[in-house]
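Below: one structure, written as structure tokens.
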Amino acid sequence: MERGRAALPCSRLQEEFDEGILMYGYFFESRLVGFLGIKMAGDVCKLNDIIILPEYRNNGYGTELLDFCRKKAVESGKKKIVLGMIDDNTRLRNWYISNGFVTTGYRKYEGAPYTVGDMECLLQKVTEVKQ
């Protein structure tokens with residue numbers, strides 16, 4: 001069972017779209033298999049979602065979406081990408097770390113059985129490494 005933002009109902013995604021979240025689909029052979037949600041604010045790109053359907057994971061699609069997010073952020077003049085994720089998902093946390101993110105803090109929500117780890121990636125450093 002999906003947790004966190006992957007379990008959001010469509011109605012909530014519609015509300016976020018109406019509030020300015022930019023949403024992109026990732027298609028494989030005409031099937032929607034992934035999703036990216038980002039919001040540009042000030043000098044920051046807030047990465048709300050990278051979601052890949054379970055049966056399509058580990059094929060590099062998430063990395064492609066993250067690279068697309070970086071490109072959009074750089075094109076928009078942003079200095080960093082920030083995100084919050086369920087911290088006990090060590091595999092995902094390590095994936096973000098391997099893609100240039102660092103943990104900047106933690107949040108606990110009343111009633112939630114997990115802790116949210118805040119992470120960020122400075123785009124200048126990523127750009128320097130990728131060149």
Side-chain angles (χ1 to χ4, degrees):
M1 179 175 175
E2 295 289 341
R3 304 181 300 167
R5 294 197 44 86
L8 284 179
C10 237
S11 60
R12 180 62 188 132
L13 292 175
Q14 181 64 52
E15 289 172 18
E16 291 184 0
F17 179 78
D18 294 342
E19 294 167 1
I21 301 295
L22 304 173
M23 298 180 176
Y24 303 91
Y26 188 99
F27 291 82
F28 177 76
E29 295 180 352
S30 300
R31 179 165 187 219
L32 178 63
V33 300
F35 174 80
L36 172 69
I38 58 178
K39 181 161 187 163
M40 305 296 184
D43 64 354
V44 172
C45 172
K46 168 77 167 83
L47 174 55
N48 278 16
D49 302 290
I50 289 183
I51 301 170
I52 304 295
L53 291 175
E55 62 269 30
Y56 290 89
R57 292 177 186 163
N58 302 309
N59 289 303
Y61 306 145
T63 301
E64 288 184 42
L65 283 174
L66 183 57
D67 289 345
F68 180 80
C69 174
R70 280 191 182 108
K71 179 181 174 199
K72 289 292 185 187
V74 168
E75 288 173 355
S76 297
K78 305 308 174 206
K79 294 184 179 185
K80 63 183 171 180
I81 299 170
V82 299
L83 63 91
M85 59 156 293
I86 297 173
D87 192 63
D88 68 354
N89 186 340
T90 55
R91 184 174 180 187
L92 182 59
R93 181 173 10 100
N94 289 336
W95 179 76
Y96 278 118
I97 290 168
S98 73
N99 279 284
F101 285 78
V102 296
T103 300
T104 58
Y106 299 93
R107 290 176 278 141
K108 182 76 174 152
Y109 293 99
E110 188 174 326
Y114 50 81
T115 299
V116 173
D118 294 316
M119 302 185 85
E120 71 177 29
C121 177
L122 300 178
L123 292 171
Q124 181 179 1
K125 287 184 180 180
V126 171
T127 303
E128 289 171 1
V129 171
K130 293 226 173 200
Q131 288 182 353

Rounding to 0.5 Å, atoms CD1 (Ile86) and CG (Leu92) come to a distance of 9.0 Å
Just how far is it from atom CG of Asn89 to atom OH of Tyr114, taken to the nearest 0.5 Å?
12.0 Å
Partners passing side-chain hydrogen bond (donor to acceptor under 3.5 Å, both in side chains) against Asp118 (at least two apart in sequence or in another chain):
Arg107
Heavy-atom side-chain proximity of Ile81 to Cys69 below 4.5 angstrom
yes
Applying salt bridge (charged side-chain N to carboxylate O under 4.0 Å, His left out) to Glu15 and not counting sequence neighbours gives Arg12
Using the rule that Ile, Leu, Val, Met, Phe, Trp and Tyr join whenever any side-chain heavy atoms are under 4.5 Å apart, tell me whether Ile97 and Tyr106 fall into a single cluster.
no
Closest non-hydrogen atoms of Gly100 and Cys121, given as atom of the first, atom of the second and distance, are O-SG, 3.6 Å
Any residue meeting side-chain contact (heavy atoms from CB on, under 4.5 Å) with Ile21, in chain and number order, not counting sequence neighbours
Glu16, Met23, Lys39, Asn48
So, taking the atom named OG1 in Thr63 and the one named CG in Asn58, what distance separates them when rounded to the nearest 0.5 Å?
9.5 Å
Listing, residues 29-38 side-chain donor-acceptor contacts under 3.5 Å, not counting sequence neighbours, or none:
from, atom 1, to, atom 2, distance (Å)
Arg31, NH1, Glu55, OE2, 3.4
Arg31, NH1, Tyr56, OH, 3.3

Residue pairs fulfilling ring-ring contact (aromatic ring centres under 6.0 Å, His included) with at least one residue in residues 57-78, sequence neighbours excluded:
Tyr24-Phe68, Tyr26-Tyr61, Phe28-Tyr61
In Å, rounded to the nearest 0.5 Å, how long is the span from CH2 of Trp95 to CZ of Arg57?
11.5 Å
Taking C-beta and beyond as the side chain, do Leu65 and Ile52 meet within less than 4.5 Å on heavy atoms?
yes
So which residues get pulled into Val82's cluster when ILVMFWY side chains under 4.5 Å apart are joined, directly or through others?
Val44
Show me the pairs that pass salt bridge (Lys or Arg N to Asp or Glu O under 4.0 Å) and involve residues 77-86, at least two apart or across chains.
Lys80-Glu120
Any side-chain heavy-atom pair from Met119 and Leu47 closer than 4.5 angstrom?
no
Considering all heavy atoms, the nearest Lys108-Pro113 contact:
NZ-C, 3.8 Å
